[in-house]
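Down below is the structure, laid out as structure tokens.
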Amino acid sequence: MNITVWNEFRHEKENQVVTDIYPEGIHSAIAEFLEGDGHVVKTATLDEEEHGLTDEVLENTDVLVWWGHKAHDEVQEEIAEKVKQRVLDGMGLVVLHSAHFSKVFKKLMGTSCDLKWREADDRERMWVVDPTHPITEGLGEYIEIEKEEMYGEHFDIPTPEELIFVSWFEGGEVFRSGATFKRGRGKIFYFRPGHETYPTYYNKEVQQVIRNGVKWADNGGTPKNVYGNSQPLENISEK
């Protein structure tokens, strides 16, 4: 599978706490364990030309993993639209943590994607609510993370096609932390954990979820068009 891991790569350059946790960037930490599964993994960051997401890169990406936080507005509209179209055409998308506010995710959801949050070293227990789903393969009843940023409801997203994880935080809040959607021919998995000041992406169970998520989102076996012709999806009217 060809995977591209996208990251703003800003916090790691500006915040020593984040630098100490992810010296090569969050994208590199994620790419490393995905490469361990034998995938071909590339990384791309905000400050590269075209944000590292050229037509060639996108055309050769089966699944795009997206992490963003402080610079959503700096993503060019043209690039966000290209990514959205690639998802509609069949590219998988795994959206991590605060990328719920990314232009790409909001365009695909059609809602504000707003939520409640609190950064206070909360303990998180993320319950598996669909143990039959392939994204939960290899997991127990829940994942416990000692310290994380709290996200709370209401989470302004469309009703998920599949709800996989629900988190509880020690402040009493709950959150839909793992959810899937389908848009066009593409599959989307939103996964909540991963605030930059915590070493969450070194957690083996979190890594397992992301591994499973990219496998689920891969659309390699899906025909390029559902009507047996080469027209783009948006130009095909129902018969």
Side-chain angles (χ1 to χ4, degrees), residues 3 5 7 17-18 21-22 26-27 29-34 36-37 39 63 65-69 92-102 105 109 111 113-182 187-218:
I3 302 170
V5 181
N7 174 29
V17 173
V18 185
I21 297 171
Y22 299 108
I26 289 172
H27 53 297
I30 295 171
E32 183 175 356
F33 66 77
L34 291 175
D37 287 348
H39 302 302
V63 178
V65 180
W66 191 285
W67 193 100
H69 185 197
L93 178 65
V94 176
V95 178
L96 299 177
H97 191 56
S98 48
H100 69 91
F101 256 159
S102 65
F105 190 61
M109 294 299 103
T111 58
C113 299
D114 201 3
L115 47 77
K116 296 177 182 177
W117 63 274
R118 180 182 65 249
E119 188 179 350
D121 293 347
D122 280 55
R123 178 163 58 95
E124 176 181 6
R125 180 168 289 186
M126 188 162 46
W127 291 94
V128 174
V129 295
D130 186 355
T132 68
H133 199 283
I135 290 178
T136 70
E137 183 178 352
L139 303 177
E141 290 185 327
Y142 60 84
I143 297 172
E144 187 140 316
I145 302 174
E146 183 179 349
K147 293 181 180 181
E148 250 294 352
E149 181 181 31
M150 185 281 293
Y151 277 10
E153 297 287 345
H154 177 245
F155 186 17
D156 187 21
I157 54 174
T159 301
E161 302 210 12
E162 300 165 309
L163 183 60
I164 302 171
F165 301 105
V166 171
S167 286
W168 165 89
F169 295 88
E170 58 184 303
E173 298 88 355
V174 295
F175 190 76
R176 289 168 289 170
S177 287
T180 69
F181 307 87
K182 293 178 182 177
K187 295 191 287 184
I188 304 164
F189 172 45
Y190 173 75
F191 186 47
R192 194 214 71 81
H195 189 64
E196 68 274 2
T197 58
Y198 303 112
T200 302
Y201 293 122
Y202 298 116
N203 181 300
K204 297 301 182 182
E205 291 174 301
V206 169
Q207 291 181 359
Q208 184 64 42
V209 173
I210 296 172
R211 286 189 175 105
N212 293 344
V214 297
K215 291 178 183 177
W216 172 85
D218 179 30

task: Decide yes or no for Phe191 and Ile164: does some side-chain heavy atom of the first lie under 4.5 Å from some side-chain heavy atom of the second?
output: no

- prompt: Within a strict 4.5 Å, meaning less than it, do heavy atoms of the Ile135 and Glu162 side chains meet?
  reply: no

- line: The reported gap from NE2 in His100 to CZ in Phe105 (rounded to nearest 0.5 angstrom) is 9.0 Å

query: Looking at side-chain heavy atoms only, is the closest gap between Asn212 and Phe189 below 4.5 Å?
result: no

statement: Tightest non-hydrogen contact, residues Gly152 and Met150, listed as N-SD, 3.3 Å

- line: Rounded to the nearest 0.5 angstrom, the NE2-CD1 distance for His39 and Ile3 is 4.5 Å

message: Please evaluate residues Phe165 and Leu139 with respect to the criterion side chain to side chain contact (heavy atoms under 4.5 Å, CB included), reporting the C-alpha separation (whole Å), side-chain torsions for both, the decisive distance (0.1 Å), and the verdict.
response: CA-CA 11 Å; Phe165 301 105; Leu139 303 177; 3.8 Å; yes

message: Minimum heavy-atom separation for Thr111 and Asp156, please, with both atom names.
response: OG1-O, 2.8 Å

query: Which distance, rounded to the nearest 0.5 Å, do you find between the CD of Glu124 and the CD of Glu149?
result: 10.5 Å

query: Between CH2 of Trp168 and OH of Tyr142, what distance do you get to the nearest 0.5 Å?
result: 10.5 Å

- prompt: Is Arg192 close enough and on-axis enough to Tyr151, meaning under 6.0 Å and within 45°, for cation-pi?
  reply: yes

message: Could you tell me if the side chain of His27 sits less than 4.5 Å from the side chain of Trp67, heavy atoms only?
response: no

message: Counting C-beta onward and ignoring hydrogens, is there a side-chain heavy-atom pair between Ile157 and Arg176 closer than 4.5 Å?
response: yes

- request: Give the C-alpha distance, both sets of side-chain angles, the deciding distance and a yes or no for side chain to side chain contact (heavy atoms under 4.5 Å, CB included) between Glu205 and Glu144.
  value: CA-CA 9 Å; Glu205 291 174 301; Glu144 187 140 316; over 6 Å; no

query: Asn7 and Ile30: side chain to side chain contact (heavy atoms under 4.5 Å, CB included), yes or no, with the steps?
result: CA-CA 10 Å; Asn7 174 29; Ile30 295 171; over 6 Å; no

field: Residues Leu93, Phe181; criterion side chain to side chain contact (heavy atoms under 4.5 Å, CB included); working and verdict
entry: CA-CA 10 Å; Leu93 178 65; Phe181 307 87; over 6 Å; no

- request: For the residue pair Lys116 and Glu173, establish whether any side-chain heavy-atom pair is separated by less than 4.5 Å.
  value: no

- request: Return yes when atom CD of Gln208 has more than 12 non-hydrogen atoms of other residues, nucleotides or ligands closer than 6.0 Å, and no otherwise.
  value: yes

- request: Specify whether Tyr190 and Phe175 have parallel, tilted or perpendicular ring planes, treating 30° as the upper limit for parallel and 60° as the lower limit for perpendicular.
  value: perpendicular

query: Is the side chain of Tyr201 donor-acceptor paired with the backbone N or O of Glu196 at a distance under 3.5 Å, no angle test?
result: no

task: Say whether Ser167 and Glu148, considering side chains only, have a donor N or O and an acceptor N or O under 3.5 Å apart.
output: no

field: Heavy atoms of other groups near Glu119 CD, more than 12 under 6.0 Å
entry: yes

Minimum-distance pair of heavy atoms, taken over all atoms of Thr180 and Trp216: CB-CH2, 3.5 Å

statement: So CG of Asp122 and CH2 of Trp117: to nearest 0.5 Å the spacing works out to 12.0 Å

- request: Identify the heavy atoms of His97 and Pro193 that sit nearest to each other, and give their distance.
  value: CB-O, 3.7 Å

statement: Minimal heavy-atom distance between Asp114 and Phe101, with the atoms involved, is OD1-CZ, 3.5 Å

field: Contact check, side chains of Ile210 and Leu96, non-hydrogen atoms, under 4.5 Å
entry: yes

- request: Return the minimal non-hydrogen interatomic distance between Val129 and Leu163, and the atom names on each side.
  value: CG2-O, 3.4 Å

Check: Arg211 and Leu34 side chains under 4.5 Å, non-hydrogen atoms: yes

field: Nearest-0.5 Å distance, NE2 of residue His195 to CD1 of residue Ile145
entry: 13.0 Å

